[in-house]
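Taking it in order: structure first as structure tokens, then the write-up.
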Amino acid sequence: MTNYEQARRMVIDKVAPAGVERVLLLEAAGRVLAEDYVAPKDMPRWDNSAMDGFAVRSADCAPGTVLKVTDYIPAGVSSDDVVTPGCAARIMTGAPIPPGADAVVPIEETENTAETVKLLQQVKKHDHIRFQGEDVRGGEAIIPRGTVIGAPQVSLMASFSTVLVPVYRKVRVAILSTGDELVEVGTEPKESQIVNSNTLALATAIKLCGAEPVILGIARDDRESHRALLSEGLKADVLVTSAGVSAGDRDLVREVLAELGVVEQFWKPGIKPGGPTAFGMKGNVPVFSLPGNPVSTMITFEEFARPAILRMMGHEKVFRRTVSGILKEGARKKAGKVNFLRVHVAIEGGRFVASTSGDQNTGILKTMLRCNALAILPAEATEFAVGAEVDLHLLDPTLEMEV
């Protein structure tokens, strides 16, 4: 049996970035940069004033000096008029420094009229001047490949008038739920029927990865329905199924996938919940066959499918942050499988402290509402005392910023 760690590594080793596309700058937000971004020019592109004030020759300046104002340079305007001895140019923030000047005096450090300016403080050469290239040099690889593009990256690229940005392609993830007992959301279920919540839960998780969910519907418990919808799903970049992956006489997913050419890489990777999980490949298309129980579906998607989807979109950090924490309550389990304990983590005394989010039966869906981390209980351990130290996979990104 493939163990949990082997299974996670196998998934990542089998997938690769899905390709590169060029998108408009705003559409690149949240995407992964596919090439180093090389600055096309210096920034600033010219020496400019960092303040509203007066461009001066520092050699002329001493407290109490009065200079003649001979020019006015607003932002967006340049001047070729030389600042000569005994003179100053009124200048606004961002305006190019005129020839002859080597410092700027902030307006609040002067007494001034339309014709003169009196200096109230000592002035040093280069005061309040932003020099060409002091921020970025033309030809500098300023944003490395693999960066997730946020507001600072967009700001810099926009400053250079960049229109199109090379990013890793957003992948399409097909979703298929299976089972005669399922009805779609919006339908009142009859006795013995179940609302198909897994499809929308998976679609939400996929969208939160930055990928595009493709909803296929429900495959009924016959080979024809499975074959038609699984064939359609294999046209996407990734296929995720829920239910029909165990060993019952109506669990057809693995058999039909094999008939369609999917090469199974593992099944039952030594975990609880989510034991029947399977993973296969058809060419470059990864296929995740997840259990039908909603809690198991969400946990196995989190542990196996999410990292693969992120990897295919160029992300380098694909696993949730793992930290060491302590259990606030004791726990027991059978030896042989890694257990995922749904927990709520808080920070107490500078440590992560994990409390169970409720009854760990996989039929108790509300435990996922309070769960902000998964405690990873090792396969061979059976007893976990209060205060036992365990690894925690943090599901809530805000927790990552608190220590």
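- At a threshold of 4.5 Å between non-hydrogen side-chain atoms, the residues M43 and R130 do not count as touching.
- A salt bridge is absent between R145 and E35: the closest approach of a Lys/Arg side-chain nitrogen to an acidic carboxylate oxygen does not fall below 4.0 angstrom.
- Counting heavy atoms from C-beta outward, V11 and P286 have side chains that stay 4.5 Å or more apart.
- Surrounding CZ of R45 are at most 12 heavy atoms belonging to other residues, nucleotides or ligands under 6.0 Å away.
- In this structure, L394 and R320 have side chains that are not in contact, with every pair of non-hydrogen atoms separated by 4.5 Å or more.
- Annotation: the span from E181 atom CD to I218 atom CD1 amounts to 9.0 Å, rounded to 0.5 Å.
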Problem set entry | Worked check of side chain to side chain donor-acceptor pair (under 3.5 Å) between D102 and S58 | CA-CA 6 Å; D102 62 6; S58 58; 3.0 Å; yes

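- Counting all heavy atoms, side chain and backbone alike, G100 lies closest to V82 at CA-CG1, 4.2 Å.
- Considering R172, K282, R311, R169 as possible partners of D237, the one that fulfils the salt bridge (charged side-chain N to carboxylate O under 4.0 Å, His left out) test is R169.
- Taking each heavy atom of P144 and I142 in turn, the nearest pair found is CD-O, 4.0 Å.
- Contact detail for D52 and T93: the closest heavy-atom pair is OD1-N, 2.8 Å.
- Atom CG in L377 sits 11.5 Å away from atom CD in E383 (nearest 0.5 Å).
- Minimum interatomic distance between S225 and R220 (heavy atoms only, all atoms of both residues): OG-N, 2.9 Å.
- At most 12 heavy atoms of other shown residues, nucleotides or ligands fall within 6.0 angstrom of atom CG in D80.
- Rounding to the nearest 0.5 Å places CG of L182 at 6.0 Å from OG of S177.
- The backbone N or O of M51 lies less than 3.5 Å from a partner atom in the side chain of S49, making a donor-acceptor pair.
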Test log, rule side chain to side chain donor-acceptor pair (under 3.5 Å), inputs T162 and Y37 = CA-CA 10 Å; T162 300; Y37 182 81; 2.5 Å; yes

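- Between H393 and E303, some side-chain heavy-atom pair lies under the 4.5 Å cut-off.
- For G30 against V148, the heavy-atom pair with the smallest separation is O-CG1, 3.8 Å.
- Using the six-membered ring where Trp is involved, F266 and F304 have ring planes that are tilted, between 30° and 60° apart.
- Ion pairing between a basic and an acidic side chain is recognised when a charged N comes within 4.0 Å of a carboxylate O; E232 and K235 show such pairing.
- Counting only distance, with no hydrogens or angles, the side chain of W267 and the backbone of P276 share a donor-acceptor pair below 3.5 Å.
- Distance alone, capped at 3.5 Å, is enough to place a donor-acceptor pair between the N361 side chain and the G363 backbone.
- Exactly one residue among L365, L290, N198 makes a side-chain contact (heavy atoms from CB on, under 4.5 Å) with M298. That residue is L365.
- Between the side chain of T178 and the backbone N or O of S242 there is at least one donor-acceptor pair closer than 3.5 Å.
- Between the E109 side chain and the P106 main chain, no donor and acceptor come within less than 3.5 Å of each other.
- Side chain to side chain, E184 and N196 meet the donor-acceptor criterion of an N or O pair below 3.5 Å.
- Other residues, nucleotides and ligands place no more than 12 heavy atoms under 6.0 Å from the CZ atom of R250.
- For the pair S324 and R351, the minimum side-chain heavy-atom distance is below 4.5 Å.
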- Query: Stepwise, does the side chain to side chain contact (heavy atoms under 4.5 Å, CB included) test hold for T277 with V245?
  - Reply: CA-CA 7 Å; T277 299; V245 72; over 6 Å; no

query = side chain to side chain contact (heavy atoms under 4.5 Å, CB included) between V104 and F54: does it pass, once the steps are laid out?
reply = CA-CA 5 Å; V104 171; F54 296 88; over 6 Å; no

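- For the 3.5 Å distance criterion, the side chains of T362 and S296 fail to qualify, holding no donor opposite an acceptor.
- Judged purely by atom type and a 3.5 angstrom limit, N3 uses its side chain to pair as donor or acceptor with the backbone of E5.
- A distance-only check finds a donor-acceptor pair linking the side chain of E329 to the backbone of T356 [under 3.5 Å].
- In this structure, NZ in K366 is found 10.5 Å from OG in S357, a value given to the nearest 0.5 Å.
- Environment of CG in N284: sparse, with no more than 12 heavy atoms of neighbouring residues, nucleotides or ligands closer than 6.0 Å.
- In this structure, the side chains of P85 and R57 come closer than 4.5 Å at one or more pairs of heavy atoms.
- Side chain of D135 to backbone of P44: no donor-acceptor contact under 3.5 angstrom is found.
- Atom NZ of K14 is surrounded by 12 or fewer heavy atoms from other residues, nucleotides or ligands within 6.0 Å.
- For D221 against G179, the heavy-atom pair with the smallest separation is OD1-CA, 3.4 Å.
- Within the 4.5 Å cutoff, side-chain heavy atoms of P63 are placed close to those of Q122.
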Before giving the answer on side chain to side chain contact (heavy atoms under 4.5 Å, CB included), spell out for R342 and L374 the whole-Å C-alpha distance, their side-chain angles and the decisive distance to 0.1 Å.
CA-CA 5 Å; R342 285 155 272 159; L374 296 174; 4.1 Å; yes

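- Crowding of L26 atom CG: a count of heavy atoms from other residues, nucleotides or ligands under 6.0 Å not exceeding 12.
- Listed for the H344 side chain is no donor-acceptor partner under 3.5 Å among the backbone atoms of A354.
- Remark: Q193 engages no residue in a side-chain hydrogen bond (donor to acceptor under 3.5 Å, both in side chains) (not counting sequence neighbours).
- Taking CG from L252 and CG from L257, the interatomic distance works out to 10.5 Å, rounded to the nearest 0.5 Å.
- When side chains are defined from C-beta on, M313 does not count as touching R31, because their heavy atoms never get closer than 4.5 Å.
- Note: F319 CZ to R306 CZ = 10.5 Å, rounded to the nearest 0.5 Å.
- E27 and K170 are not joined by a salt bridge, as no carboxylate oxygen comes within less than 4.0 angstrom of a charged side-chain nitrogen.
- With hydrogens and angles ignored, the 3.5 Å screen pairs no side-chain donor or acceptor of S155 with any backbone N or O of A151.
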Between K337 and I271, is the side chain to side chain contact (heavy atoms under 4.5 Å, CB included) condition met? List the steps. CA-CA 5 Å; K337 293 183 178 181; I271 59 173; 5.8 Å; no

